[in-house]
Amino acid sequence: MDAAEQVFAAHGFDGASLRDIASEAGVQVALVNHHGGTKEELFWRVVARRADELSAARLKALAARKARGPLTLRSLLECFFGPYLEKAEVGGTHWFAYARLVAIVSADPRWRALTAHCFDPTANRFVSEICALYPQAPRQTISAGFVYSVSAMLALLTSRWRIGALGQGSSEISEHLDELVIYCAAGIDAAARR
């Protein structure tokens, strides 16, 4: 599964082959087929295997924050972004590869069923919480801002080296959570009040 995650992240679904995955894992192609199923089934399993863990961490952060008092847009975004950025910071390269996979899945409508299964329940929970803060704004507007914000988070996870190169500063993820939240909150807030 780790080998498949790395190969799919590096080459995308279409560019990856079961032979590449077998080579990365150091096994025969027949073993990849036997344990992973078809290429599409394996891709689905690779994406799904981290989704539950990430969703649970986000919902736990949300519940803990709600227990402390009223939510704000910034606190909601911190609860959504923070768990992933923490996993990326301490969980190794697999969480960065996973960010590339999420970006692939998010950009391609053929994975609509996969995103609906793995990501939409948690995303809808956060969108609903944001909508409660802006009852006058259409859900479509909040949803668009949320998707743009997820894209910004994925850009941080997959392209943080660019921040360091252009800004000549740190590329440590933990140092960028606050600015990511500020940036995304400002966009959602402006669109919701428009």
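Residues forming a side-chain contact (heavy atoms from CB on, under 4.5 Å) with R139 (at least two apart in sequence, or on another chain): N124, V127, S128, C131, S143. Every residue meeting the salt bridge (Lys or Arg N to Asp or Glu O under 4.0 Å) condition with R50, not counting sequence neighbours, appears here in chain and number order: D2, E5.
Between R65 and E78 there is no salt bridge, since no side-chain N of the basic residue sits under 4.0 Å from a carboxylate O of the acidic one. Salt-bridge annotation for R74 and D189: absent, with no side-chain N of the basic residue lying under 4.0 Å from a carboxylate O of the acidic one.
More than 12 heavy atoms of other residues, nucleotides or ligands shown are found within 6.0 angstrom of CZ on R110. Surrounding CD of Q28 are at most 12 heavy atoms belonging to other residues, nucleotides or ligands under 6.0 Å away. Surrounding CZ of F96 are more than 12 heavy atoms belonging to other residues, nucleotides or ligands, all under 6.0 Å away.
Contact of the L73 side chain with the I130 side chain is registered, since non-hydrogen atoms from C-beta on lie closer than 4.5 Å. A heavy-atom distance below 4.5 Å is not found between the side chains of F80 and R125. Considering only heavy atoms from C-beta on, V102 stays 4.5 Å or farther from V105 through its side chain.
Using a distance-only test at 3.5 Å, with no hydrogens or angles considered, no donor-acceptor pair links the side chain of Y84 to the main chain of L154. The backbone N or O of L156 sits nowhere less than 3.5 Å from a side-chain atom of S159 that would complete a donor-acceptor pair. At distances below 3.5 Å, at least one donor-acceptor pair connects side-chain atoms of S149 with backbone N or O atoms of G145. When atom types are taken as modelled, the side chain of Y134 and the backbone of A191 share no donor-acceptor pair closer than 3.5 angstrom.
The aromatic rings of H117 and W44 sit tilted relative to each other, their planes meeting at an angle between 30° and 60°. Using cut-offs of 30° and 60° on the angle between ring planes, the pair F43 and W111 is tilted.
Between L157 and A99, the shortest heavy-atom contact is CB-CB, 3.7 Å.
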